Amino acid sequence: MKITYIGHSGFYVELEEALLLFDYYKGSMPKLPHEKRLYVFASHRHPDHFNPEIFSLAKEKEDTFFLLSGDIWKCRVPKELQKQALHLKPNEKHSLGNITVQTLKSTDEGIAFLVQCEGKVVYHAGDLNDWRWIGEPENWNQRMAENYRNYIEPLRNMHIDAAFIPLDPRQEDYYALGMDYFLSLNAEKKEEDRIYPMHCWEDYHVIDRWLKEHPDHPDRDKIVRIQGRGESFKQ
Ligand SMILES: [Zn+2]
């Protein structure tokens, strides 16, 4: 499996037979191999997660399939592609082509995706995160934490090969709450599993900060130190 960081929460996953693209909003795409089928995911309609430009990928690859959060309305999908688009709600499961996708409810808008394909499990959180903010009322922050823990519960003890998890420097000292809790859900990981921090607003120091502040964390060597758009990782 080869994973390319496109930008922000955008990742492109190349498998033997399938291509998965998550939350593209800008950045350059690698050349798409002819013989593989493309599945395009968008976790919600916010402009840093969804750009209607994704539909132009179907010009290059006609059988592209779009898996869109239900808050991205049908009218946003070009008419000729509506048959190739699914609008997903939280907590649904679908199999199509050679993938199975399960959705989780987000603490922001939309959904998170758990995708199984060719024996690999890939999790893209979208904006499902513990969005605690300095200055929000404590009961708001408390409810956020509870919701996050409930919504992400289906992932407990689940083996995930590649996980894309928000690590957002705007949350200041609370930047790692969501990722730390995610990591605690399935303590035992395989040697080759990887965690890709995302939603960093191009400030990758936040990844170094996490590594510095977690010197003895058992999953330290699973964290991918992304440094810029277009980087690829094999796993
Ligand atoms: Zn976002």
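Because the structure is a prediction, the values reported are computed rather than measured. The figures here come from the full heavy-atom set of this structure, side chains too, leaving out hydrogens, waters and symmetry mates.
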Residues [X] and [Y]: side-chain donor-acceptor under 3.5 angstrom:
| X | Y | answer |
| --- | --- | --- |
| S232 | T4 | yes |
| D108 | S106 | no |
| N98 | Y39 | yes |
| D127 | H49 | yes |
| H214 | D180 | yes |
| H8 | E202 | no |
| Q171 | N129 | yes |
| N141 | W133 | no |

Heavy-atom check, side chain of [X] versus side chain of [Y], under 4.5 Å:
| X | Y | result |
| --- | --- | --- |
| I6 | P30 | yes |
| I195 | L183 | yes |
| H159 | K190 | yes |
| I99 | L20 | yes |
| I152 | Y148 | yes |
| H44 | F50 | no |
| N186 | L155 | no |
| T103 | H94 | no |

Give a yes/no verdict on a cation-pi contact between R132 and Y174, requiring under 6.0 Å between NZ or CZ and the six-membered ring centre and an angle within 45° of the axis. yes
Kindly work out whether a path of hydrophobic side-chain contacts (I/L/V/M/F/W/Y, heavy atoms less than 4.5 Å apart) joins [X] to [Y].
| X | Y | answer |
| --- | --- | --- |
| M158 | L128 | yes |
| V40 | V115 | no |
| L88 | L68 | no |
| I226 | I160 | yes |
| F55 | Y24 | yes |

Can you tell me if [X] has over 12 outside heavy atoms packed within less than 6.0 Å of its [atom1]?
| X | atom1 | value |
| --- | --- | --- |
| E191 | CD | no |
| E62 | CD | no |
| R76 | CZ | no |
| Q82 | CD | yes |
| E80 | CD | yes |

Atom pair [atom1] ([X]) and [atom2] ([Y]), whose distance is rounded to the nearest 0.5 Å:
| X | Y | atom1 | atom2 | value |
| --- | --- | --- | --- | --- |
| D130 | M144 | CG | CE | 7.0 Å |
| L19 | R37 | CG | CZ | 11.0 Å |
| L21 | F41 | CG | CZ | 9.0 Å |
| E118 | K120 | CD | NZ | 9.5 Å |
| K222 | D193 | NZ | CG | 7.0 Å |
| D23 | I54 | CG | CD1 | 9.0 Å |

Give me the atom names and distance for the closest heavy-atom approach of [X] to [Y].
| X | Y | result |
| --- | --- | --- |
| L15 | C117 | CD1-SG, 3.9 Å |
| A125 | P166 | CB-CD, 3.6 Å |
| K61 | P33 | NZ-O, 2.6 Å |
| S43 | S69 | O-CB, 3.0 Å |

Walk me through whether L57 and L38 qualify under side-chain contact (heavy atoms from CB on, under 4.5 Å). CA-CA 9 Å; L57 291 165; L38 175 64; 4.0 Å; yes
Using only atom types and a distance under 3.5 Å, with no angle test, would you say the side chain of [X] pairs donor to acceptor with the backbone of [Y]?
| X | Y | answer |
| --- | --- | --- |
| K89 | G70 | no |
| H217 | D219 | yes |
| E231 | Q227 | yes |

Under the criterion ring-ring contact (aromatic ring centres under 6.0 Å, His included), which of F113, F182, F164 is the partner of Y123?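 In the set F113, F182, F164, the residue that makes a ring-ring contact (aromatic ring centres under 6.0 Å, His included) with Y123 is F182.
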Taking ring-ring contact (aromatic ring centres under 6.0 Å, His included) as the criterion, tell me which of Y25, Y5, W131 meets it with H199.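 So the option named by the test is W131.
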Is a salt bridge present between E146 and R149, judged by a nitrogen-to-oxygen distance below 4.0 Å?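 So E146 does not pair with R149 through a salt bridge.
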Is D161 salt-bridged to K189, cutoff N-O under 4.0 Å?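 Between K189 and D161 there is no salt bridge, as every charged N stays at least 4.0 Å from the carboxylate O atoms.
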Within the 6.0 Å centroid threshold, strictly below: W73 and H87: no
Assess whether side-chain contact (heavy atoms from CB on, under 4.5 Å) is satisfied between E213 and Y175, documenting all intermediate values. CA-CA 11 Å; E213 291 178 0; Y175 77 107; 2.8 Å; yes
Should D203 and H205 be marked as a side chain to side chain donor-acceptor pair (under 3.5 Å) after you check the CA-CA gap, both sets of side-chain angles, and the distance that decides it? CA-CA 6 Å; D203 176 7; H205 295 116; 3.1 Å; yes
Decide side-chain contact (heavy atoms from CB on, under 4.5 Å) for F11 and V122; before the verdict, give the C-alpha distance in whole Å, the side-chain angles of both, and the deciding distance to 0.1 Å. CA-CA 11 Å; F11 286 87; V122 176; over 6 Å; no
Given Y196, which partner from the list R225, Q235, H124 fulfils the side chain to side chain donor-acceptor pair (under 3.5 Å) test? Q235
Identified salt bridge (Lys or Arg N to Asp or Glu O under 4.0 Å) counterpart of E14 within the set K2, K36, K31: K36
Worked check of side-chain contact (heavy atoms from CB on, under 4.5 Å) between V77 and Q84: CA-CA 10 Å; V77 183; Q84 289 162 243; over 6 Å; no
